[in-house]
Structures are given as structure tokens and as C-alpha cells.
Amino acid sequence: MMKFLISMAIFIVLVVIQTGFIASLPAPLLLTPLLLAVSVYLIQHHGLYVGAYWLALYGVWLDIFGVGTAPVETLAYTLAAVAALWGSRRFFSNRSVYGILACGLAAELIITLVHAITISLVWFKTPASAAWTAFFASAAWTVFLMFVLLVILFQFAKSIRTGLLKSFLISRTYETY
Amino acid sequence: MKPIRFRQRVVGGAAAAILIVVLAFLFRTPLMRTFSFFQRPFARAGTWLTDQAAHACGGMLAIDEHNVDDLIAQRNALAVDDAELQELRTENEQLRAQLGFVERRQFTGVTASIVSRSASLRSYTFLIDRGSADGIVVGAPVVVGDGLLVGKVTAVQPTTATVTATTDPQMATAATLLNQTRTLGLAQGMASNLIGLHYIPNDEVVRVNDLVVTSGLEEHMPSGLIIGIVNDVQGEPTDPFQEAVVQSLVDIRRYSIVTVLNDAEAL
């Protein structure tokens with residue numbers, strides 16, 4: 001129960017910073033995917049499922065508050081969570097920074113693909129309204145900024161593990177990287 | 001990890017997630033009110049940084065002589081328009097008095113803070129901390145300053161509302177071009193800070209720097225709110241229609257407080 005409450009508190013802090021502060025920054029910094037990067041890092045580097053739940057909940061949050069960038073954000077982020085989990089178990093088992101970056105790229109590609117499909121369906125009659133140039137520019141900047149964040153998180157791996165121990169998200173005997 | 005325990009964790013996690021989602025939808029209103037309270041200072045901090053960055057970039061850019069000449073010409077043209085406007089305003093007041101004209105529509109303004117925004121270069125929506133409890137309705141215009149339209153309310157909850165900006169590709173606004181013939185059109189967002197005015201008959205004269213305002217033909221939308229200024233006119237002489245690229249006069253990312261106009265008759 002304590003673990004659940006702490007993970008929800010961290011999730012809320014991340015979401016408030018992501019949708020309140022980061023989304024208000026000038027372009028392209030507003031595209032910084034803080035929650036996605038943290039979630040992918042926890043999934044890939046520490047093998048924590050909580051990252052996947054955070055991703056799925058973030059999609060739900062965006063749909064509830066109506067500030068998503070495309071219809072049905074819940075679907076996009078849930079599939080990204082599944083892809084990140086599956087990839088970290090089957091493909092990106094190497095605990096180096098390259099595995100983490102690859103896992104993050106896979107998750108972001110899933111989100112971009114789902115967004116592209118839903119946008120195409122919604123604006124099927126008026127494709128010019130989809131603004132594809134801006135869409136792909138957003139995706140490219142998001143990938144770049146996510147890579148930067150993941151590299152930074154990787155540099156502080158030991159400190160993050162200490163923090164996870166103190167917040168009861170992992171036990172002392174839990175093996176991560 | 002053993003397969004059974006793995007399956008149990010996944011099922012347990014999925015069940016918890018579904019429960020959280022259901023509770024979130026059931027208790028949406030108090031949740032949104034609570035999170036708006038915490039998001040507001042973060043949104044203001046981010047907006048402040050954006051505004052400072054815009055000021056810094058503006059200071060670094062040098063204005064050359066060509067720009068100065070353009071600005072002076074634009075100012076002079078606006079001064080002439082202003083003089084004509086003053087004359088028309090006086091004439092209008094006199095005519096209203098003579099006819100005993102009664103104001104049929106009145107609008108009140110509700111000030112709201114922006115608490116969160118979408119993160120995209122393609123679409124732009126933001127959440128404000130006022131909702132139906134404050135008289136806000138879907139379709140209500142959202143302005144800053146003295147009547148600069150930034151968007152329309154597209155979804156309303158009791159304590160919050162979602163606003164879609166005029167530059168969002170999903171948003172279309174009935175508009176009037178302030179040219180000689182007062183051309184009507186549909187202003188549709190084009191991402192970035194641009195709006196497209198499509199299907200303008202080719203025989204209509206459209207010039208760069210023409211103002212585009214709301215036509216008042218939409219429900220809840222008064223006429224005369226400034227949408228933007230014509231930046232470019234595209235089209236061949238042989239085409240039946242031409243298109244105007246309109247630049248919004250407002251960068252909403254530099255504002256943390258907006259005003260929602262409510263039609264007093266609708267309340």
C-alpha cells in the first residue's frame with residue numbers, strides 16, 4: 001500500500017511538471033517528454049513495472065483533461081507502455097545506455113505511429129488540416145530531447161537507485177542493472 | 001521471475017489501473033479542481049520563462065532600414081484607418097440615438113488562469129481554471145488584451161474548460177476581412193502561429209496587412225474580435241479562389257491569464 005501511494009505521488013508530481021511547467025516553455029523545450037523518459041528508464045534500467053503504469057495513466061490523464069495532442073491518447077500511451085515492457089524483456093536486455101535509448105525510441109515510435117493513424121482517420125476528408133510537417137518536427141524533437149534526458153538519468157543511476165530504495169519502490173535485495 | 005508471479009503482477013496491475021481510471025472519471029470534477037490548483041504556479045513559471053525568452057530574442061534581432069520603412073508605412077496606413085474609424089463611430093452613435101437602437105447582445109468577461117497546455121507544434125489546446133459553474137459555455141470566445149481572439153472553448157466541466165487556439169488545425173472561425181468589400185470567410189488554423197483564410201473569390205481584393213476579425217455569425221461569438229493580420233496572399237490569377245495566410249497578433253504561450261466572453265442572453 002505504501003509503495004502504491006508513493007508511486008502515485010511521484011506520478012502526480014511528474015504529470016503536474018510535464019503538463020504545467022514543461023508545456024508552458026518555449027518551443028522546442030515544451031516537447032521534452034519528462035514522464036516518458038522517466039518511465040522508460042525505470043522499465044528498462046531497473047525493471048520496474050511502475051513505469052508502464054505511469055505511461056498508461058498519463059494517457060488517461062491527457063484524455064480526461066483534454067490537453068492531448070491527438071485523439072485517444074490513452075491508446076497511444078498504453079501501447080507504448082506495453083512495447084517498452086515487452087522490449088525490455090525480450091530485446092533490450094542489455095543494461096547499457098544504448099538499450100535504454102533503444103527502448104525509449106521504440107516507445108516514442110509507437111506513440112507517434114498511433115498519433116499518425118488517429119490523426120489520419122480524424123482528418124481523412126481534409127488532410128491538409130493535419131499539418132504533417134509540424135507533426136513530424138514535434139516527433140523528431142521529442143526523440144532528441146528524450147535521448148538527452150535518458151543519458152542524464154543514466155549518469156545518475158546510482159543516485160536514482162538510492163532514491164528508489166528510500167521511497168520503498170524497490171527492496172535492498174532487488175537486482176536492477 | 002516465475003511466470004505465475006509475473007502473470008499475477010500484470011493482472012493485479014491492470015486491475016488497479018482500471019480501478020484508477022474508473023475512479024478518475026467518476027470524480028473528474030474534484031480531481032480537476034485539485035490539480036488545477038497545483039498546476040497553476042507551474043504553468044505561470046513556464047509562461048514567464050517563455051515571455052522572457054521572447055523578449056531576449058527580440059532584443060537580439062536587429063531591425064534594418066527596410067523593416068523600419070515597412071513599419072512606418074504600416075503605422076501611417078493604420079493612422080488613416082483610425083481617423084476614418086473615429087468618424088464612423090461618431091456617425092454610428094448619432095444614428096443609434098436617432099433610431100432609438102437597443103443593444104440586443106451584451107457580453108461579460110470571466111478571467112481565467114491557464115493551468116496546463118498541450119505539448120505539440122501541430123496542435124494547441126490549453127486548460128483554464130473556470131468552467132460551467134462560472135457561466136462558461138462551449139463555443140465561447142477566449143481573448144487577451146483589448147479583444148484579441150486567441151481561441152474558443154471546446155469542452156466544459158464544472159470547474160475547468162478546454163480551449164482550442166485559433167491557430168490549431170482543428171479550429172475554424174467565421175471571419176471577416178477588413179478590406180473594401182468586407183469579404184467573409186472561414187479562418188482555419190495552420191499550426192505554428194498561422195491561420196489560413198480559404199476560398200476567397202479571386203475577384204476580391206486582399207492585401208497584406210489587412211485585418212481579419214470575427215464576423216459575429218457564430219453563436220456566442222461577437223463580431224469585431226481581432227483574429228490576425230494578413231501576412232501573405234496566395235493564388236494564381238486563373239484560379240477561382242485565393243487564400244490568405246493570416247498571422248495571429250497574439251502568441252498565447254506568453255500569456256497565463258485569459259478572458260472568456262459570455263453572451264449575457266445565453267446565461
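Quick note on labels: first sequence line is chain A, next is B, and so on, each numbered from 1.
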Which portion of [X] sits near chain B, non-hydrogen atoms under 4.5 angstrom:
X: A/Leu25; result: both
X: A/Phe65; result: both
X: A/Val60; result: side chain
X: A/Leu29; result: neither

For this session: Taking all heavy atoms of B/Arg117 and all of A/Ser24, pick out the closest pair and write down the distance.
Result: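 Answer, listing the atom of B/Arg117 first, then A/Ser24: NE-OG, 3.0 Å.
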Exercise. Taking all non-hydrogen atoms of both residues, which atom of A/Val16 and which atom of B/Phe38 are closest, and how far apart?
Worked result: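 Answer, listing the atom of A/Val16 first, then B/Phe38: CG1-O, 3.9 Å.
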Exercise. Relative to chain A, which segment of B/Thr47 carries a heavy atom at a distance below 4.5 Å: side chain, backbone, both, or neither?
Worked result: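 Its backbone and side chain both get close to chain A.
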For this session: Select one option (side chain, backbone, both, neither) describing which atoms of B/Phe35 are under 4.5 Å from chain A's heavy atoms.
Result: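 Contact with chain A involves the side chain of B/Phe35 alone.
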For this session: Look at B/Gly46, B/Gly196, B/Ala155 and state which one has the largest set of heavy-atom pairs under 4.5 Å with chain A.
Result: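 The candidate making the most pairs under 4.5 Å is B/Gly46.
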Exercise. Could you give the distance from CD1 (A/Ile64) to CG (B/Leu127), rounded to the nearest 0.5 Å?
Worked result: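 So the CD1 of A/Ile64 and the CG of B/Leu127 are separated by 12.0 Å.
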For this session: Calculate, to the nearest 0.5 Å, the distance between atoms OG1 and CG belonging to B/Thr50 and A/Leu30 respectively.
Result: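 So the gap between those two atoms works out to 8.0 Å.
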